[in-house]
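First comes the structure, then the notes that go with it.
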Amino acid sequence: MTFRIISDSSSDVRNLDNKLYKQVPLTIIADDVEYKDNQELDIKKMQMSLSNAKNSGTSCPNIDEWMTTFEGADNIFVVTITSQLSGSYSSAVQAAEIFKEKNPNINIKVIDSKSTGPEMGLIIEKLDQMIEEGLSFQEIADNIVEYQQKTRLLAALSSLDNMAKNGRVNSALAKCAKLLNIKMIITASSDGKLELVTKVRSQKKFLNTLLEQMNSNGYSGGKVKVNHVNNPILAESIQSLINQNYPQAIVEITPCQGLCSYYAEDGGILIGYELK
Ligand code: X90
């Protein structure tokens, strides 16, 4: 019985220690140039070309791209970015249906993360842990639904321009974020939509606001993943603040891949965290 975990590249999970994981790239488009969000992507170069581009956008993996990753495993878990903001989930579901028609004995569960980035990372690592523990496909499929009730996402962005440009957030909210020094703290709602939490100005207040938000959602020292767009310093400040308050908490820092770098924009931070 071979297990496999597959996700689109919005997860920012580049690999796992074992060989169970495969990633399917989304695509970032700057004018006529397409950047596949794979391990070879030079994010700095992509950002340079985006900053000079008149038009930009993204596209999700197609059915064939998902299908090529299914071959050779019996039990497959697919994790996608929220179906509310991308076609990735729907294309993975269709790929799974077609594949299962030809291979009826293969188990495939497609999971809508209702989120992205580090919250997807938490889901992927939990799947990995349950596979390592020897749970059955069905047990893992049931448990992961429960686990998803206990994870959250916060994101702090200084610009929502690319989200607005692509119709993923309303433009009034994006204009608001443009005002000097304002950071928007946003979250993924329980049904996977983008939701504004609050706006903050000062850096000191900003960090405390993030922690207050986590606490008020029920955070009490669980695992945290902090993903950043060229902002390791802010990621480390968040890590130390969490560890000052919860010394046992595991807080991992990861640079964003291409898709999240495009939408979270330079300096952006995404925080995925576990509730107890
Ligand atoms: O299919 C596609 O082209 C991909 C579209 C993705 C659009 C949203 C990406 C968001 C990236 C920034 C903010 C986090 C908030 C997420 C709320 C669910 C990350």
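Start at 1 and go down the list; that is how both ligands and their atoms are numbered. These numbers come from a predicted model, not from an experiment.
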Nearest-contact summary for atom 8 (C) of ligand 1 - protein heavy atom, Å: Leu85 CD1, 3.8 Å
Ile81 side, atom CD1; Ser9 side, atom OG - distance, nearest 0.5 Å: 8.5 Å
Residue, atom name and distance, where the atom is the protein heavy atom closest to atom 16 (C) of ligand 1: Leu153 CD2, 3.9 Å
Where ligand 1 meets Ser59 - atom numbers and elements under 4.0 angstrom, heavy-atom basis: 3 (O)
Protein heavy atom at shortest distance from atom 1 (O) of ligand 1: Ser86 OG, 2.7 Å
Min N/O separation Lys114 to ligand 1 under 3.5 Å: no
Other cluster members, Tyr89 - Ile/Leu/Val/Met/Phe/Trp/Tyr, side-chain contacts below 4.5 Å: Ile6, Val24, Ile63, Trp66, Met67, Phe70, Ile76, Val78, Val93, Ile98, Phe99, Ile106, Ile108, Val110
Which segment of Cys60 sits under 4.0 Å of ligand 1 when only heavy atoms are counted: both
N/O donor-acceptor pair under 3.5 Å between Gln23 side chain and Val13 backbone: yes
Residue part near ligand 1, for Leu26, under 4.0 Å between non-hydrogen atoms: side chain
Under 4.0 Å to a heavy atom of Arg168 - the qualifying atoms of ligand 1, by number: 1 (O), 2 (C), 3 (O), 5 (C), 7 (C)
Aromatic ring pairing Phe77/Phe3, orientation class (parallel under 30°, perpendicular over 60°, tilted between): parallel
Heteroatom proximity flag, Thr58 to ligand 1, N/O under 3.5 Å: yes
Between NZ on residue Lys205 and CD on residue Glu212, distance to nearest 0.5 Å: 9.5 Å
Atom 9 (C) of ligand 1: the protein heavy-atom neighbour that sits closest, reported with distance to 0.1 Å: Tyr263 CD1, 3.5 Å
Closest protein heavy atom (residue, atom, distance) for atom 18 (C) of ligand 1: Ala188 CB, 3.5 Å
Leu275 atom CG: more than 12 heavy-atom contacts under 6.0 Å: yes
Gln248, CD atom: more than 12 neighbouring heavy atoms under 6.0 Å: no
Sole residue of Glu274, Glu125, Glu119 in salt bridge (Lys or Arg N to Asp or Glu O under 4.0 Å) with Lys223: Glu125
